[in-house]
Amino acid sequence: MEFVVENEKQTQAIAQKLALGLQAGDVILLDGDLGAGKTTFTKGLALGLDIHKNIKSPTFTLIREYHTGRLPLYHMDVYRLEETGGQDLGLEEYFDGDGVSVVEWSQFVSDELPAEYLVIHLKKDEHDDNKRTLIFEPHGARYQSLIETL
Ligand SMILES: Nc1ncnc2c1ncn2[C@@H]1O[C@H](COP(=O)(O)OP(=O)(O)OP(=O)(O)O)[C@@H](O)[C@H]1O
Ligand SMILES: [Mg+2]
């Protein structure tokens, strides 16, 4: 499933809609270059979960937790783990937990990922700074049905 969006608002609107179908234990991997819009997408997800806090990039903290919405949101940015991987961080406890986990740069913790998840690829456009292609790639039946809500 694929969407072409023209601006940041449209990216967030899709994320917000996706959030309505989220359940405890869901895992979403956001794949894309620097500045592709992974954190922007997460802001839309948070809004859709009724989290009205400023979502800041967790680049230096690795994980930020938000507990004021319909479900807990665990926002991870594991860019800094490129060299080390993510053992000993207890990521499984987040993935198996009572909230929704969103991971930026998940390729750096590939050994820690669960068997099933939704990957969303965000691709920049060569000519238009505000345009993105969002590609939804479900791994597992749960995520297939989740994206059918879009
Ligand atoms: N259609 C769009 N969707 C998402 N972001 C967009 C779009 N158009 C422009 N932008 C801009 O692109 C930037 C995306 O930044 P963002 O922090 O979300 O990227 P990121 O993928 O999380 O980067 P990083 O890898 O550094 O964490 C923001 O400044 C945002 O305003
Ligand atoms: Mg980011």
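One-based numbering, in listed order, for ligands and for the atoms of each. Below, each value reflects all heavy atoms present in this structure, side chains not excepted, and no hydrogens, waters or symmetry copies.
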Just to be sure I'm reading this right: ignoring hydrogens, which of Arg132, Lys38, Glu104 gets closest to atom 12 (O) of ligand 1? Compare them by their nearest heavy atoms.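 Checking each option, the heavy atom nearest atom 12 (O) of ligand 1 is found in Arg132.
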
Short list, please: which atoms of ligand 1 are under 4.0 Å from a heavy atom of [X]?
| X | result |
| --- | --- |
| Asp129 | 8 (N), 9 (C) |
| Asn130 | 1 (N), 2 (C), 7 (C), 8 (N), 9 (C) |
| Trp105 | 25 (O) |
| Ala36 | 19 (O), 21 (O) |
| Asp33 | 21 (O) |

Checking contacts now, so for atom 20 (P) of ligand 1, which I'm interested in, is there any protein heavy atom under 4.0 Å?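 Yes; the ligand atom in question has protein heavy-atom contact below 4.0 Å.
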
Which residue holds the protein heavy atom closest to [atom], what is that atom called, and what is the gap in Å?
| atom | value |
| --- | --- |
| atom 28 (C) of ligand 1 | Thr40 OG1, 4.0 Å |
| atom 3 (N) of ligand 1 | Thr11 OG1, 2.7 Å |
| atom 13 (C) of ligand 1 | Gly35 O, 3.8 Å |
| atom 30 (C) of ligand 1 | Glu8 OE1, 3.8 Å |
| atom 17 (O) of ligand 1 | Thr39 CB, 3.7 Å |

Does a side-chain heavy-atom distance below 4.5 Å link Leu89 with Glu112?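 Sidechains of Glu112 and Leu89: no contact.
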
Is the closest N or O pair between Ser57 and ligand 1 shorter than 3.5 Å?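 It does not: no N or O of Ser57 is found under 3.5 Å from an N or O of ligand 1.
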
Judged by atom type as modelled, is there a donor-acceptor pair below 3.5 Å linking the side chain of Tyr94 to the main-chain atoms of Ile63?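 Here the side-chain-to-backbone pair does not exist.
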
Under 4.0 Å between a side-chain nitrogen and a carboxylate oxygen: does that hold for Asp26 and Arg142?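 So Asp26 pairs with Arg142 through a salt bridge.
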
Let me see the working for Arg80 and Leu62 under side-chain contact (heavy atoms from CB on, under 4.5 Å), right down to the final yes or no. CA-CA 8 Å; Arg80 290 200 307 148; Leu62 298 179; 4.1 Å; yes

Is it the case that atom CD in Glu93 sees more than 12 heavy atoms from other parts of the structure closer than 6.0 Å?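 For Glu93, atom CD is not crowded (no more than 12 foreign heavy atoms under 6.0 Å).
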
Taking heavy atoms and a distance under 4.0 Å, where does [X] meet ligand 1: side chain, backbone, both or neither?
| X | value |
| --- | --- |
| Asn7 | backbone |
| Leu34 | both |
| Gln10 | neither |

Would Glu104 count as a contact for the Mg ion (ligand 2), in the sense that one of its N, O or S atoms lies under 2.8 Å from it?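 Of the N, O and S atoms in Glu104, at least one lies under 2.8 Å from the Mg ion (ligand 2), which means yes.
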
So, is Thr42 placed with an N/O/S atom under 2.8 Å from the Mg ion (ligand 2), counting both backbone and side chain?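 Coordinating: no.
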
Kindly state whether the ring of Tyr66 and the ring of Tyr74 have centres lying under 6.0 angstrom apart.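 No: the rings miss the under 6.0 Å criterion.
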
